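Owing to the predicted nature of the structure, the values given are computational and were not obtained by experimental measurement. Protein chains get the first letters and strands the later ones, always in sequence-line order, with residue 1 at the start of each.
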Amino acid sequence: MVPFAGWSMPLSYGDVGQIAAHNHVRTSAGLFDVSHMLQHRFSGPTSQSFLLSLCPSSLHSLSPFTSTLSVFLNESGGIIDDTIITKHSSDSFYVVTNAGRSTEDCEMFQTALSKWNAENPSDVVKWEVLEGWGLLALQGPKSSEVLQSLTGTSLEGVNFGQSVYAEIGKDKIKCHVARGGYTGEDGFEISIPPENTISITEEISNHPDVQLIGLGARDSLRLEAGMCLYGHDLDETISPVEAGLSWVIGKDRRTSEEIPFPGKSRILEELSNAPTRRRVGFEVVGAPAREGCKVFDASGEKEIGVITSGIPSPTLGTNIAMGYVINGQHKKGTKVKIEVRKKLREGIVKSMPFVPTKYYK
Amino acid sequence: MSVFRPLLRNVTTTRFRINTRVWTNTIISKRFIATRYTVDHEWVSFDPSSNIGTVGITDYAQKALGDVVFVELPGVGSEVAQSDPIGAVESVKAASDIYAPVSGIIEEINETLSDQPGLLNKSPMKDGWLAKIKLSEPSEFEALLNDEAYKAHCEGSE
């Protein structure tokens, strides 16, 4: 068990090592207890506009029961948190944010909401944090088969990025099921009412194909999938353009609009003229490069960036990493040197994801 | 380990001399080969007859690291001072530096670990040894933790 965002969380379960747990998710089905993450609901006729004032996504063009990865931004265009926003209708949104950012996120919502509701007194937005609700991530090629065995709701028509309310388990508990996850595999994130969280967790984990998976494998799986971890690969100084997340900035949000997103001028400037640094993937020869390792150009003389996450990849057997380099040194195939334990190691810029994603589409 | 090799060879040769030789060896090893530990969860097994200390990580350390996937060891012949970082043991989740528990010259490294880093998990105190150091300051060894002190140290860090 390790302390994590104020919670005590398992790095692994029982005697199952990180590599075995990791491989189990890639070949079968793994269950992650991610109930520490914050689940929010925004409702009211102006809730879409309210969220548009905080993030750069095209929420208008999102169909009902569809989710998108997004970022909440500060006035300088830096990322306050990354998030999954699910639209149920234009007046109801389900939002999941990082536990490690709960203080900053809640402060941001509180401040923005007081201002918003004071300006729109007849159309107030209601914000609820789903306290005590469970959140499970079932991930891996067998996750659909496993979950289907516990619900009468067909999952066949639910594609990656879509969600549905399904009655799960012997007590037919209504849960929010979103297809997606943080591993690159097919899978679901299941939001469960507080009183039923334990029984449903037990029912899913009792399935013979399912293993409980801790934080250790969660990190190696997401890194292979090229996904960011806030506090490591993202922080309040980094813009979505620098982070390689320009795709979350909706095309229709890049022109002048009634409700601009925070930091829009910097972000538009970076979109047209390139940012000063960019997040890229690396493969490193010799030793794994970890967070904080310096990145140099091919000659080894000029420092050009820093590693933000790195591991020996259990799936590939090579050392993979992500980090930031100055613009111009970011292209796929660029040779670099990475300093690990005072020795420069050969590295190369690689495209991400490192392991191809297998989403259900 | 090298201590046991003459013992086994003698068993297969002469019958009468075995007993004396075996006993002698056992007594010597009991008296002289000792294992001590560092607060960084490394062990050193010191043979004063050759002045060589075999270095490894403890069972406590391998459990804390998880599956070891990569080991970086110092070059043979390099001179190290006590507490110098001389390499690293890496699992998927973390890298852990190896510090020289004693000063001296690296005499040999465990080459098997490059192909089988998992030996560190399976046999941290024996087949998963990391390096042999020819001690330049044998008194440093005597100042390391004995069994009892190391056990207390582990209990204190839990």
Side-chain angles (χ1 to χ4, degrees), chain A residues 1-2 4 9-26 213-224 229 232 283-293 307 309-321 338-345 354-355, chain B residues 40-42 55 57 59-81 83-101 106 109-111 113-124 128 130-131 154-155 157-158:
Chain A
M1 301 296 283
V2 292
F4 185 85
M9 303 272 297
L11 270 180
S12 56
Y13 285 90
D15 291 334
V16 182
Q18 183 173 349
I19 296 173
H22 179 110
N23 292 338
H24 190 81
V25 175
R26 290 267 181 257
I213 311 290
L215 283 183
R218 187 167 167 81
D219 189 56
S220 47
L221 288 159
R222 70 92 196 167
L223 192 42
E224 287 185 344
L229 177 60
H232 300 265
E283 189 180 300
V284 192
V285 182
R290 310 277 182 174
E291 183 173 9
C293 289
I307 298 296
S309 292
I311 52 160
S313 160
T315 304
L316 303 170
T318 54
N319 301 318
I320 58 170
I338 301 175
E339 189 181 286
V340 182
R341 291 185 287 276
K342 295 182 183 158
K343 264 188 252 171
L344 291 179
R345 324 275 174 154
F354 297 103
V355 172
Chain B
D40 299 314
H41 304 282
E42 291 168 16
V55 176
I57 63 167
D59 191 51
Y60 181 98
Q62 72 80 15
K63 278 191 185 136
L65 272 166
D67 307 327
V68 173
V69 294
F70 178 73
V71 184
E72 187 161 60
L73 296 171
V76 171
S78 54
E79 195 174 344
V80 298
S83 308
D84 276 357
I86 55 166
V89 176
E90 307 215 19
S91 63
V92 176
K93 104 183 150 203
S96 185
D97 283 330
I98 306 163
Y99 299 101
I106 305 290
I109 55 168
N110 189 351
E111 305 273 4
L113 295 177
S114 61
D115 295 331
Q116 297 178 56
L119 277 179
L120 273 166
N121 296 109
K122 288 190 205 106
S123 179
L130 298 170
C154 289
E155 281 160 7
S157 22
E158 263 164 9

**Report entry** Under 4.5 Å from any heavy atom of chain B - which part of A:Leu11
**Finding:**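 Side chain only.
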
**Report entry** Polar contact flag, side-chain donor to acceptor under 3.5 angstrom, A:Arg290-A:Ser309
**Finding:**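 Distance-only check fails for A:Arg290 and A:Ser309.
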
Can you find a heavy atom in the side chain of [X] that is under 4.5 Å from one in the side chain of [Y]?
X: B:Val89; Y: B:Val68; result: yes
X: A:Phe354; Y: A:Ser313; result: no
X: B:Asn121; Y: B:Leu65; result: no
X: A:Ile320; Y: A:Glu224; result: yes

Report task. Give, as side chain, backbone, both or neither, the part of B:Val69 having an atom under 4.5 angstrom from any heavy atom of chain A. Result ->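 Just the side chain, heavy atoms under 4.5 Å.
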
Query raised in the report: What part of B:Asp97 is in contact with chain A, defined as an atom under 4.5 angstrom from a non-hydrogen atom: side chain, backbone, both or neither?
Result: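 Only the side chain of B:Asp97 comes within 4.5 Å of chain A.
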
Query raised in the report: Looking at A:Pro312, A:Gly17, A:Ser220, which makes the most heavy-atom pairs under 4.5 Å with chain B?
Result: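 The candidate making the most pairs under 4.5 Å is A:Pro312.
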
Requested in this report: For each of B:Gly87, B:Gly66, B:Ala95, tally heavy-atom pairs with chain A at distances under 4.5 Å, and name the one with the top tally.
Outcome: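 Sorted descending by pairs with chain A, the first entry is B:Ala95.
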
